[in-house]
Each structure stands twice: as C-alpha cells, then as structure tokens.
S.K.: 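Handing you this structure, nothing more for now.
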Amino acid sequence: MPLAEETTVLDPPRTVPIVIIGNGPSGICLSYMLSGYRPYLCPDAVHPNSILQSKLEEARHLSIPEQDLEYLSEGLEGRSSNPVAVLFDTLLHPNADFGYDDYPTVLQWKLESEHYIPHLVLGKGPPGGAWNDMEESMLTLSLGDWMELPGLKFKDWTLCNRRNSKNDRATPAEVASYYKHYVKLMGLKRNFIDNSYVTYVAKTYREPEESACEETTRILSEQAQHKQNHDYLKNWEIQGYRRAADGSREPFCLFAETVVLATGTFDAPARLEVNGEDLPYVAHSLTEFEAAVCKGKFRGTTDPVLIVGAGLTAADAVLCAHSHNIPVIHVFRRRLNDPNLIFKQLPKKLYPEYHRVYHMMCTQSYGTSSIHTKYTSFPEHCVLSFNPDMKCVLQSSSGLKKVFKISKALVLIGSHPNLFFLKEQGRSLGHHPNQPIACKGNPVEINPYTYEASKEPNLFALGPLVGDNFIRFLKGGALAITRCLEMRLKNKNQIDESASNNGVC
C-alpha cells in the first residue's frame, strides 16, 4: 500500500547518501524504488516468454532487485539498447511490442520500509519535470498506459479524476498532474525538494570534522584506521539555490556519496549554428510561438512563419499555425520518402493529426516558381542564414538558393541535455568524449547492468541521458541503480560488522 503523504524536506541534511538531479519521471521512479517499494513475481503469473518464465521461477521468493539482472536480461530483444530496460519493460508490459497491450503485468509491488535508502530529489519545479511546461492541449506520443509509473495505473487514475476523453493518448497536463499525484500518494514527498536549481557538481575531498553529524565522523575515523577513508572522503559536492516564493534565491550546498543524473533532454534546444540565429525573430521554443499566437501577434500577417524541422514538435507548430490561418514555410533536410521520418512509424488511427501534417508535406511541396497560400514544404532544404531585414536564405540539396521574407522563424530540431553544472558539461561521460552529450548520438556511457557511468565512479544516469527516451524504458534504469546501490550498502554493512566483531573502535 502507498505511504501516507509526508511533509517536504525544508532543511535537508548537509550530507546524504544519494542526490538525484531531476524530478521528472526518471527521478520519481528511482525515488519510488529507493523508498522500499519492491517488485516480486505475482503468485499465479505466467510470462509469455517461456525461457524468461523459467528463469523467474528459479528465484520466485526473491524480489527482482535481489536477482541477477544480467542473467534475466539475456536473450531479450526490444526497442531499447539497454538490456535491463528491455527486461523490466517486458515484465511490466509483456509482449507490448507485438500488439498485446492488455496482457497483464507479471509483477506485484510490496512496500518493505527496511530497504529505504535515504536520498534527495532536486528539481526546478514541482514533480513531473518538463511535463509541467508542455503545451496542455497536445496529445502524448505514447499511449497513456505507457506514461504510468509502477504501482498506479494511469487508467485508474484518470477514472478517479473524471477524464472525459476516450482517446488512449493523454495530454501533457494530465501526465503532469498524474506525476504530482503519484509522488503524494506513494509517500515520496519527503524526498523531494522543489524549485531547486543545481549550478555545480564535482568530486571534492573533505576532512572528517566537516561531516554533518557525529555518526559520519565515527565512520570516517574507523575507515581511516582501515586505510579506506580515501574513497569515502571523495564525495560529490552539489551547489545550487532554491527559488523562494518571492523570487529570491536561497543558496545550498550538499555532499553525497552518489549522484544520479535524471535531467532528461529538454533543457537546451538544438541550434542550426547559422548566421543570424540569435536575431529577435528567430525562436527555438514552440511555447514561445504559441504564446505569441494567443496574443494575436500574427493576426492579419501576410508573411509566412518559417518552421525548421521534421519531428513532432515541428509538426505541432505547423498544426498551431494552420489552425490560426498563419501561412507556413516548412523546411527540413530529409526526403519525403525517408523511412526514418517519424510519421512513417506512427499508426494513422492513433495519430491522425500528425498524418495530416505529413500529407501536407507530401502534397504541398515547393514548385518551380511559387509557394502555396497557407502551407509549403521544402524537403531536402537547409537554412543558410537569417538576415536582419526578416529574410531567410534557404538552400536545396542541389545547391539552389532561395530567399523569403518571413514574419517569424521557429527552429525546432530537437534538444540536448544541459549538464552545465558538470565539468566540461559532462562531455567526458559520453561514448564520444569530445562531443556534447546527446540522447541519440552520444549518450552517457554506462555499465548496462548498473547504469553507473563507465568513466566516473559513483555517478549514475538514466532516462534520455542513456538513450531511453520513452518512459516505459526508463524504469529499467531505476531498477538497475536500486539493485547496485543496495548491493553496495549490503557489502558496506558486512564490512562494518566484520570490523566491529574484530574489535575495531
């Protein structure tokens, strides 16, 4: 059963075992598992994968975090490159990728408070992360059920909240509300510090007398006698500030043995890196465009809005402009028949609005001499520059240049995680150390069964930072991290107990 709601930590301890940076679904799910919620195989459950079922039967009495995740993951295939993510997804949603969305989970959750590991979750706003900032009227790409977190079915929550929509997809507003409610219902609020902005994270050495309590000093002293204090003192230092209700900033400084990066990828919009991209009429945010539309800034305009990108955010911008009779020039690099276009991967029945955009892209592309009245697509084109006179220069794949007068430019070509608080923005953590961290091309390199950064001990990452962009897969990262930290805590306790039995003071 969920815990009763608890009060948020207002004055956090200076030293904590674990700090999680990011309070979106990744941070929430990890906090849930670190709080003692543990998945077990249901008594009568039979997984459709007979080999996996046989493995699960071997240790039915053990919770999943107590089992060998590498052994359980072996041979499984799915839409994530991380094996534990595939494992946990198939336990929660058996055969989901084969169209069996209603196949019941084989897991049941039990709260075992003795497994609680103290931790703090730092987030810029309320629980839910970037979901709190998305356009409320849009529909999510994933089905509503795939947005849910363990222990609270999204369908059950929507019924209780009297949702009228018959659509299986949810709005971001519903998802954000679900996550906030989830944190309260599961008793996780005590672990969360909202309105917290992290500005600096680095390894630091501290002397024992700087520790937050006498117990920590005692442990340090014992470890020093065993010549093990070097590893313990090399804690993480996390600096930042909390934004108060009046807008003022309250600085904080924490020390932690372990840091988990759960920041997602919505912080820093990707850029074209062309001349004029910083001009006032060039934006990188759909929200900014929607706000301008609502204020009537494009009413009566004849010059088109330039939208750059072939993803779903760009499609949302096209839909917004089209519904307000704003003419659009839509520019993207891909061919119209490119199999990697996201529209080709979405069923028409579930995503009719996006297929409407794709239809326009195909049927209203640029001709030899003119553009269409309301919408014109420019496949296999790129932007060369933006000029101060509100003109943009486009170039085709054949090298032909075109100049258009526009009223606004929207560059919507994706986003990157903003890890500015780490040295060199965390570049050293990626598979390609000299490049920025990117969820597709350069995710954080991790141990696939613990999610610990390969190049930085005691630093973990999950979610989009390791390539798991869908919520259904980030839960596997929370499982792997929880198991790793529990094993380390168990080993540490055994060492302490052995030292105590040997008469170490």
Side-chain angles (χ1 to χ4, degrees), residues 20-22 24 26-27 79-85 124 129-130 197-203 236 238 259-278 282-285 308-314 331-334 338 340-342 380-386 395 397 410-470 473-474 476-477 480-481:
I20 302 168
I21 302 175
S26 296
R79 296 185 181 180
S80 171
S81 59
N82 295 311
V84 180
K124 297 177 182 178
Y197 294 75
V198 175
T199 58
Y200 173 84
V201 175
K203 282 280 182 70
W236 291 97
I238 303 101
V259 166
V260 180
L261 301 176
T263 57
T265 63
F266 292 98
D267 285 334
R271 295 172 60 87
L272 296 171
E273 304 297 343
V274 299
N275 289 336
E277 193 170 2
D278 292 321
V282 181
H284 298 79
S285 165
V308 185
L312 298 183
T313 305
V331 178
F332 46 95
R333 290 178 178 270
R334 293 185 184 273
D338 189 325
N340 292 318
L341 275 173
I342 185 63
E380 299 181 73
H381 279 68
C382 64
V383 176
L384 280 187
S385 65
F386 298 103
Q395 185 177 47
S397 57
L410 281 174
V411 179
L412 303 172
I413 55 174
S415 57
H416 299 303
N418 191 351
L419 302 177
F420 73 96
F421 49 81
L422 293 174
K423 182 180 179 181
E424 297 179 345
Q425 299 188 2
R427 288 180 180 231
S428 63
L429 302 175
H431 287 263
H432 309 290
N434 296 323
Q435 300 178 17
I437 297 296
C439 59
K440 291 184 179 179
N442 190 34
V444 174
E445 185 178 356
I446 57 169
N447 178 313
Y449 302 103
T450 66
Y451 281 63
E452 185 173 28
S454 301
K455 300 164 186 174
E456 189 61 77
N458 297 321
L459 180 68
F460 295 77
L462 75 163
L465 290 175
V466 299
D468 287 331
N469 294 309
F470 291 101
F473 292 121
L474 63 81
I481 294 172

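Computed from heavy atoms alone, side chains included, the values below leave out hydrogens, waters and symmetry copies.
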S.K.: Kindly compute the distance separating CG (D468) from SG (C439), expressed to the nearest 0.5 Å.
M.R.: 10.0 Å
S.K.: Could you check if a side-chain atom of P433 sits within less than 4.5 angstrom of a side-chain atom of R427, using non-hydrogen atoms only?
M.R.: no
S.K.: For H416 and I437, what are the C-alpha separation, side-chain angles and deciding distance, and is it a side chain to side chain contact (heavy atoms under 4.5 Å, CB included)?
M.R.: CA-CA 7 Å; H416 299 303; I437 297 296; over 6 Å; no
S.K.: Where do P443 and G467 come nearest, in terms of heavy atoms and distance?
M.R.: CB-N, 4.0 Å
S.K.: How many angstroms lie between NE2 in H284 and OG in S415, if you round to the nearest 0.5 Å?
M.R.: 12.0 Å
S.K.: When you compare the side chain of V201 with that of L459, does any pair of heavy atoms fall below 4.5 Å?
M.R.: no
S.K.: Check I481, L462, L465 against S26 for a side-chain contact (heavy atoms from CB on, under 4.5 Å) and give me the one that passes.
M.R.: L462
S.K.: Of all heavy-atom pairs between L341 and R334, which one has the smallest distance, and what is that distance?
M.R.: CD2-CD, 3.6 Å
S.K.: Answer yes or no: is there a side-chain heavy-atom contact under 4.5 Å between V411 and V383?
M.R.: no
S.K.: State, to 0.1 Å, how close A480 and Y451 come at their nearest heavy-atom pair, and which atoms those are.
M.R.: CB-CD1, 3.3 Å
S.K.: Measure the OG-CG distance between S285 and L412 for me, rounded to the nearest 0.5 Å.
M.R.: 8.0 Å
S.K.: Just by distance, do the side chain of E277 and the backbone of F386 share a donor-acceptor pair under 3.5 Å?
M.R.: no
S.K.: When rounded to the nearest 0.5 angstrom, what distance separates CG in L429 from NZ in K423?
M.R.: 11.5 Å
S.K.: Return yes if some donor-acceptor pair links the side-chain N/O of K124 with the main-chain N/O of V198 below 3.5 Å, else return no.
M.R.: no
S.K.: Counting N and O atoms only, with roles assigned by atom type, does the side chain of N447 sit under 3.5 Å from a partner on the main chain of E452, one being a donor and the other an acceptor?
M.R.: no
S.K.: With a cut-off of 3.5 Å and sequence neighbours excluded, list every side-chain donor-acceptor pair involving residues 268-276.
M.R.:
from	atom 1	to	atom 2	distance (Å)
R271	NH1	D278	OD1	3.3
R271	NH2	D278	OD1	2.8

S.K.: Return the CD1 to OG1 distance between I20 and T263, rounded to the nearest 0.5 Å.
M.R.: 12.5 Å
S.K.: Which value, rounded to the nearest 0.5 Å, describes the distance between L474 atom CG and N82 atom CG?
M.R.: 11.0 Å
S.K.: Taking the side chain as everything from C-beta on, heavy atoms only, tell me whether I238 gets closer than 4.5 Å to F421.
M.R.: no
S.K.: For a 4.5 angstrom cut-off between non-hydrogen side-chain atoms, does H381 reach F332?
M.R.: no
